[in-house]
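In what follows, a structure is listed as structure tokens, so that the remarks can point back to it.
Every chain is numbered from 1 and lettered A, B, ... according to where its sequence line falls, protein lines coming before strand lines.
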2 protein chains.
Amino acid sequence: MISQSTTADKQKDILAAALRLFVEFGFHGAPTSRIAAEAGVANGTLFHYYKTKEELMIALYHDIKEDMSGWLASNVNEKDPIEKRFRESFVQSLQWALQHRDKFYYIQQFHFSPHLSKVSPQVIREQTKFHVQLIEEGKAAKLLKPLPADLVFTLVSSHVFGLYQYLVDAGFSAARQKKVISDSFEMLWDMLTK
Amino acid sequence: MISQSTTADKQKDILAAALRLFVEFGFHGAPTSRIAAEAGVANGTLFHYYKTKEELMIALYHDIKEDMSGWLASNVNEKDPIEKRFRESFVQSLQWALQHRDKFYYIQQFHFSPHLSKVSPQVIREQTKFHVQLIEEGKAAKLLKPLPADLVFTLVSSHVFGLYQYLVDAGFSAARQKKVISDSFEMLWDMLTK
DNA sequence: GTCTATATCTCGATAGAC
DNA sequence: GTCTATCGAGATATAGAC
């Protein structure tokens, strides 16, 4: 019988504590001792799961990336027409980010750190595949302008990042937020298609 | 007579070494001892100019920001019509970034770190004033769509960041690069005006 | 797998001569 | 202002009992 422990999953606790502390204090200001303490595990336990602090940082990065991909996979319907999938990818990325601000912040923090270089480009490429394929489809269907897919991907991503920052700073109501997201997508779509 | 020492300016050396090491190894991986060594000054000298490591990080941030502002101020002509100034701000921001990659990277690294919170929002606001005013002007002249200036600023900034990343990854020739920047601005401009 | 205890080291920061 | 010398604290990581 497979062990289905009802006790706390220490590994998840460690990742959760690491997320909280890295976001609040940065990689520099969050010692492993404190991460272990806040996760409610012994110091040695942390190093049992992650051989080094950096390994923990990278594992956390991957964990969050998976979370994000899973959300998109289950909120974007592969049967929908291209434009709808495009719109949903955009909207749902923003929704996920707004509902997981710590995680989204961590991704950015990690991305602009020397630790990113420890993640193989291969793996990073893999993560964008979903989006790049959608863009290629859009180009093939003559919906999108004939721009390099990488450029389109970059511009869309930036649009998401920028809009996210704007919405966080503005602190709108949920309804207003939805409207701004929708309008912004329209602008982006026009830019890429007309 | 004002002292015009011809000997090395230690403070500048420290900032230059800090930039190099922070970019390569991150805040966590760049000890003050090594920064001092690489700057060719004694450990104590570093702490004479900057009381703490964080103070050094913040000073470096401001130093780079000033550099960037200075570049824009001297490359965007206040007498030009709005659209030209808009375009020049965009193009020159990218040119500066591409020619000062370390500095641009540092700004981003700092921006997504908890240390940013040590810089007063007042000061950050001040840094965007130049751009926001230009946007307000564009709105008043009915050139730009009637969108919130903060939103426009955010979208333009993101566009610059994204395009920068694309160009760095692509490694085009100078001529090709110029063309992509120009075309991208056209797309952005259409999005914000039509 | 998990804990306690601890080794080893390095870092940021200070003191004080020059 | 600049240097040498050094302190004390706290960091990552390991060893070994349970």
Side-chain angles (χ1 to χ4, degrees), chain A residues 1-61 63 106 109-110 113-115 117-118, chain B residues 1-61 63 106 109-110 113-115 117-118:
Chain A
M1 165 185 182
I2 292 162
S3 157
Q4 285 289 352
S5 166
T6 55
T7 66
D9 182 333
K10 311 251 179 206
Q11 210 167 348
K12 282 264 176 291
D13 292 345
I14 292 168
L15 288 178
L19 174 61
R20 249 178 295 129
L21 293 173
F22 284 146
V23 165
E24 182 164 4
F25 303 108
F27 298 127
H28 183 60
T32 52
S33 54
R34 203 167 157 203
I35 293 170
E38 194 135 329
V41 306
N43 210 299
T45 303
L46 187 153
F47 284 97
H48 170 71
Y49 286 110
Y50 308 100
K51 279 192 282 295
T52 66
K53 182 178 181 178
E54 191 173 43
E55 199 174 300
L56 167 61
M57 287 162 34
I58 293 170
L60 180 55
Y61 173 74
D63 185 62
Y106 181 83
Q109 188 178 354
F110 186 85
S113 81
H115 308 287
S117 64
K118 298 296 194 323
Chain B
M1 166 182 180
I2 291 161
S3 158
Q4 287 288 352
S5 167
T6 55
T7 68
D9 182 332
K10 311 252 178 203
Q11 211 167 348
K12 283 263 176 292
D13 292 344
I14 292 168
L15 288 177
L19 174 62
R20 250 179 294 130
L21 293 172
F22 284 146
V23 164
E24 182 164 2
F25 303 107
F27 297 128
H28 183 60
T32 51
S33 54
R34 205 169 154 200
I35 293 170
E38 195 136 326
V41 306
N43 210 296
T45 304
L46 188 153
F47 284 97
H48 170 71
Y49 286 109
Y50 308 100
K51 279 193 283 296
T52 66
K53 182 179 182 179
E54 192 174 43
E55 200 174 300
L56 167 61
M57 287 160 38
I58 293 169
L60 180 55
Y61 172 75
D63 186 62
Y106 181 83
Q109 187 178 355
F110 185 86
S113 81
H115 309 287
S117 64
K118 298 295 194 323

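- Scored by the ring-ring contact (aromatic ring centres under 6.0 Å, His included) test, B/Tyr61 finds B/Phe110 as partners (sequence neighbours excluded).
- Separating the CZ atom in B/Phe27 from the NZ atom in B/Lys53 is a distance of 9.0 Å, to the nearest 0.5 Å.
- Going from atom OG1 of A/Thr52 over to atom CD1 of A/Ile58 covers 7.0 Å, rounded to the nearest 0.5 Å.
- Taking OG1 of B/Thr32 as the reference point, atom CG of B/Leu56 lies at 9.0 Å (rounded to 0.5 Å).
- Of the inter-residue distances, the one linking B/Ile14 atom CD1 with B/Leu60 atom CG reads 11.5 Å to the nearest 0.5 angstrom.
- Contact annotation: the side chain of B/Leu19 never approaches that of B/Asp63 to less than 4.5 Å [non-hydrogen atoms, C-beta and beyond].
- Without hydrogens or angle criteria, A/Tyr106 side chain to A/Met57 main chain gives a donor-acceptor distance under 3.5 Å.
- Proximity of a side-chain donor or acceptor of A/Glu54 to a complementary backbone N or O of A/Lys118 within less than 3.5 Å is not detected.
- Under the rule for a side-chain hydrogen bond (donor to acceptor under 3.5 Å, both in side chains), A/Lys12 has no partner lying at least two apart in sequence or in another chain.
- The list of salt bridge (Lys or Arg N to Asp or Glu O under 4.0 Å) pairs with a residue in residues 17-36 of chain A, not counting sequence neighbours, reads A/Arg20-A/Glu38.
- DNA chain C lies under 4.0 Å from at least one heavy atom of each of the following residues of residues 48-56 of chain B: B/Thr52, B/Lys53.
- Near DNA chain D, defined here as any heavy-atom distance below 4.0 Å, the residues from residues 14-36 of chain A are A/Pro31, A/Thr32, A/Ser33, listed numerically.
- With the nearest nucleotide of DNA chain D identified for both B/Gly44 and B/Gln11, B/Gln11 has the one nearer the 5' end.
- The footprint of chain B on DNA chain D, defined by a heavy-atom cutoff below 4.0 Å, extends from D/dG1 to D/dT4.
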